[in-house]
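Notes for the one structure printed next.
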Amino acid sequence: MGKREDINYKLPSGFDIELLPGERRLELFLLETISSVFERYGFTPLETPAVERLEVLQAKGNQGDNIIYSIEPIVPQDMGDSNESSDGSSRGLKFDQTVPLAAYIARHLNDLTFPFARYQMDMVFRGERAKKGRYRQFRQCDIDVVGRGSLDLLYDAQMPAIIAEIFESIDIGKFLIRINNRKVLTGFFKGIGIEKDKIKTCINIVDILEKVGASKVKKELEKEGISENIADEIIEFINIKGGSEEIFATLDRKSTELKESEDFLVGIKELKDVIKGVRSLKVSEDKYCIDLSIARGLDYYTGTVYETTLVGYENLGSICSGGRYEELVGTFVGDKLPGVGISIGLTRLMSKLMDANILKPMSASPAQVMVLNLDRDLIDTYLEISQNLRQAGIKVVTRFEKQKIGKQIQQADRLGIPLCLLIGKEEYTQNQCRIKILNTGEQLDISLENLVEEVRKILNNQS
RNA sequence: GCGAGCGUAGCCAAGUGGUUAAGGCAGUGGAUUGUGGUUCCACCAUUCGCGGGUUCGAGUCCCGUCGUUCGCCCCA
């Protein structure tokens, strides 16, 4: 098979994110759809390097060491230890877009206009155990808005509107954006007497409710030294269900029962403002809800948090999530620079949705027309026709190699090219061209003068 | 990092100590010379991740090694 046995060319675990042509075309289509929604809301495109200093990557939160890939050069042997002083080990690959954004803002503070709204659809890297649909390198589509000093809660409200618009336009069925506010959670924990240093742990435990179920959450909480009564109270709290007004009513009632409810009240107020904004942005009621069990694992979230699931496919997990972070950017700059953002894990989303047959790959080739090679002597005609079509904006593949006609048509079919142009001696002498429409098998003879026009007409009818 | 499983062609695989290593998909060639997605025929692994061992004999058992998958953890 001509295969080299000494080189293992398989991709390492977690990096098998290569797509076939039709899949890549689908990805590009999605990227285009997503970015056009982002831009409709005035977000500006941005890209940051794959590499940042470790101190930047580790600046906030507990992402820690087990997910960051460090990067260092391979020192050539004959260079001895001359590279030893390089600080290669102090760099790593970015594991999300938010932390690099914070650093970016710190670097360009004086060149940017605030609130700064940007989108980014780069690859990120996580050194975690790979799973089906969960990779070590993957593409995330992020938007964030960062304000200087303060950031209006309407930016938080805008996020669900953007999410809704995106998932409506890529047509993947019903989805639900679940909204919560971390201050509601932390305020509640504080109010029922949980010590400050345990609140973070509690948030992380609560976050896994959906995955592991209430009894496991309770067990975990008790492992942290939380009494059974309190654990029950927590579970009851995060399970509160209902419409927005209903939940607000419950929360208001709860706030009077709590010992210390300042944070809790702030959280409720924020959540109310956000929901009000979402409503004003005309996001339809069945697309979002308040869900007090949404906490998000990342440490840097401080206020609003979001998670989006596909209705009927909840097991796919969150397809878009994010939240507000008050302190993250400020870790690099002295100022207060609160931000809010969301992220779509596109690689994972595509992989899962294609497995579930919700998304289907596009045709392998963007070409709309294939000019067949029936006679090598007519190659100049083929080239000329191809150029004419291209000038009219039509995507054309010209066959240079003479092959059995059936093979050529078969190839066009496999590539998903809808039209074949056949010009042999016969057609040529009559100044004609035969157009074959592959999905119907229909053929028609057109004079060369009208060809461009005719092809365009057929293509229009097809789409 | 810990626990479990798996490793047979480009892909999916049967095979559980005897040997010519099923089958399917894909691929290549053909079924009379200018027509595809259907059908039919032929071809397509001196070899079972790698190394060692047990045995008259190993893809099949044992040890090691590498790779990979799943679970815990974490998350997109």
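Per chain, numbering begins at 1; letters A, B, ... match sequence-line order. The structure presented is a predicted model; accordingly, all values stated were derived computationally and were not measured.
Between A/Gln403 atom CD and B/G30 atom P the separation is 11 Å, expressed in whole Å. Between A/Leu372 atom CG and B/G34 atom P there is a gap of 13 Å when expressed in whole angstrom units. Counting to the nearest Å, the P atom of B/U28 and the CZ atom of A/Arg414 are 6 Å from each other. Atom CG in A/Asp16 sits roughly 13 Å away from atom C1' in B/G67 (whole-Å rounding). In this structure, A/Ile17 places its CD1 atom 13 Å from C1' of B/A76, rounding to the nearest Å. Separating the CD1 atom of A/Ile68 from the P atom of B/C75 is a distance of 13 Å, rounded to the nearest angstrom. When the C1' atom of B/G34 is taken as reference, atom OH of A/Tyr428 falls 18 Å away, rounded to whole Å. For A/Gln432 and B/G34, the CD to C1' distance is 16 Å, given to the nearest whole Å.
Using P as the reference atom, B/A14 and B/C6 are 13 Å apart when rounded to the nearest Å. One P atom belongs to B/U47, the other to B/A58, and the distance between them is 15 Å to the nearest Å. When the C1' atom is compared between B/A13 and B/C25, the two are found 10 Å apart, to the nearest whole Å. Taking atom C1' in both B/G29 and B/C44, the straight-line distance is 11 Å, to the nearest Å. Nucleotides B/U46 and B/C41 are separated by 26 Å at their C1' atoms, to the nearest Å. Taking the C1' atoms as reference points, B/A22 lies 8 Å from B/G15, given to the whole Å. Straight-line distance between the C1' atoms of B/G67 and B/G23: roughly 27 Å, to the nearest whole Å. The gap from the P atom of B/U32 to that of B/U68 amounts to 49 Å, rounded to the nearest Å.
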Are A/Arg399 and A/Leu372 close enough, and set up right, to give a side-chain contact (heavy atoms from CB on, under 4.5 Å), and what steps lead you there? CA-CA 5 Å; A/Arg399 295 289 310 181; A/Leu372 301 197; 4.3 Å; yes
Take A/Phe175 and A/Phe167 through the ring pair (Phe, Tyr, Trp, His ring centres under 6.0 Å) test and state the conclusion after the steps. CA-CA 8 Å; A/Phe175 56 89; A/Phe167 290 120; 5.8 Å; yes
For A/Ser386 and A/Thr398, run side chain to side chain donor-acceptor pair (under 3.5 Å): C-alpha distance rounded to whole Å, both residues' side-chain angles, the deciding distance at 0.1 Å, then the answer. CA-CA 7 Å; A/Ser386 302; A/Thr398 321; 2.9 Å; yes
Under the side-chain contact (heavy atoms from CB on, under 4.5 Å) rule, what do A/Leu185 and A/Val305 come out as? Steps first, then yes or no, please. CA-CA 11 Å; A/Leu185 282 178; A/Val305 283; over 6 Å; no
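Applying the 3.5 Å distance criterion, the base of B/A76 shares no donor-acceptor pair with the side chain of A/Arg139. For A/Gln443 against B/U35, a side-chain N or O and a base N or O form a donor-acceptor pair under 3.5 Å. The base of B/G1 lies outside donor-acceptor range of the side chain of A/Glu128, with no N or O pair under 3.5 Å.
Note on A/Leu422: a base of the nucleic acid sits closer than 4.0 angstrom, heavy atoms only. Among the heavy atoms of the strands, none lies under 4.0 Å from A/Ala412. A/Glu426 comes within 4.0 angstrom of a base, heavy atoms only. Residue-level contact check: A/Arg434 touches the bases, meaning some heavy atom is under 4.0 Å from a base atom. Among the protein residues, A/Gln137 comes within range of no part of the nucleic acid, since none of its heavy atoms lies under 4.0 Å from any strand.
When each of A/Gly424 and A/Cys320 is assigned the nucleotide of RNA chain B with its nearest heavy atom, A/Gly424 is the one assigned upstream, toward the 5' end.
The aromatic rings of A/Tyr104 and A/Phe116 lie parallel to each other, with less than 30° between the two planes, well short of the 60° mark. Between A/Tyr300 and A/Tyr325, the two ring planes are perpendicular [angle over 60°; tilted spans 30° to 60°].
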Look for any protein N or O under 3.5 Å of an N or O in nucleotides 36-38 of chain B and output each such pair with its distance, or none.
residue: B/G36; atom: O6; partner: A/Leu438; partner atom: O; Å: 3.0
residue: B/G36; atom: N1; partner: A/Leu438; partner atom: O; Å: 2.5
residue: B/G36; atom: N2; partner: A/Asp413; partner atom: OD1; Å: 2.4
residue: B/G36; atom: N2; partner: A/Asp413; partner atom: OD2; Å: 3.4

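Of the listed nucleotides (B/G34, B/C75, B/U69), B/U69 has the atom at the smallest distance from the side chain of A/Ser13. Listed nucleotides: B/G34, B/G27, B/C73. Nearest to the side chain of A/Arg134: B/C73.
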How does RNA chain B read in dot-bracket, base by base from 5' to 3', with Watson-Crick or G-U pairs under 3.5 Å and | used when the partner is on another strand? ((((((((.[[[..)..(....]]].(((((.......))))).....[[[[[..)....]]]]])))))))....
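Side-chain contact between A/Leu419 and A/Leu438 is absent, with no heavy-atom pair separated by less than 4.5 Å. By the 4.5 Å heavy-atom criterion applied to side chains, A/Pro100 and A/Glu52 are counted as neighbours. In this structure, A/Leu31 and A/Cys141 have side chains that are in contact, with non-hydrogen atoms separated by less than 4.5 Å. Between A/Gln387 and A/Arg390 there is a side-chain heavy-atom pair separated by less than 4.5 Å.
The side-chain hydrogen bond (donor to acceptor under 3.5 Å, both in side chains) contacts involving residues 40-49 of chain A comprise A/Arg40-A/Glu165, A/Tyr41-A/Glu165, A/Thr48-A/Lys94, A/Thr48-A/Gln120, where partners must be two or more places apart or lie in separate chains.
The two residues A/Ala392 and A/Arg456 make their nearest non-hydrogen contact at O-NH1, 3.7 Å.
Checking the phosphate oxygens (OP1, OP2) of B/C75, no side-chain nitrogen or oxygen of A/Ser318 falls inside 4.0 Å.
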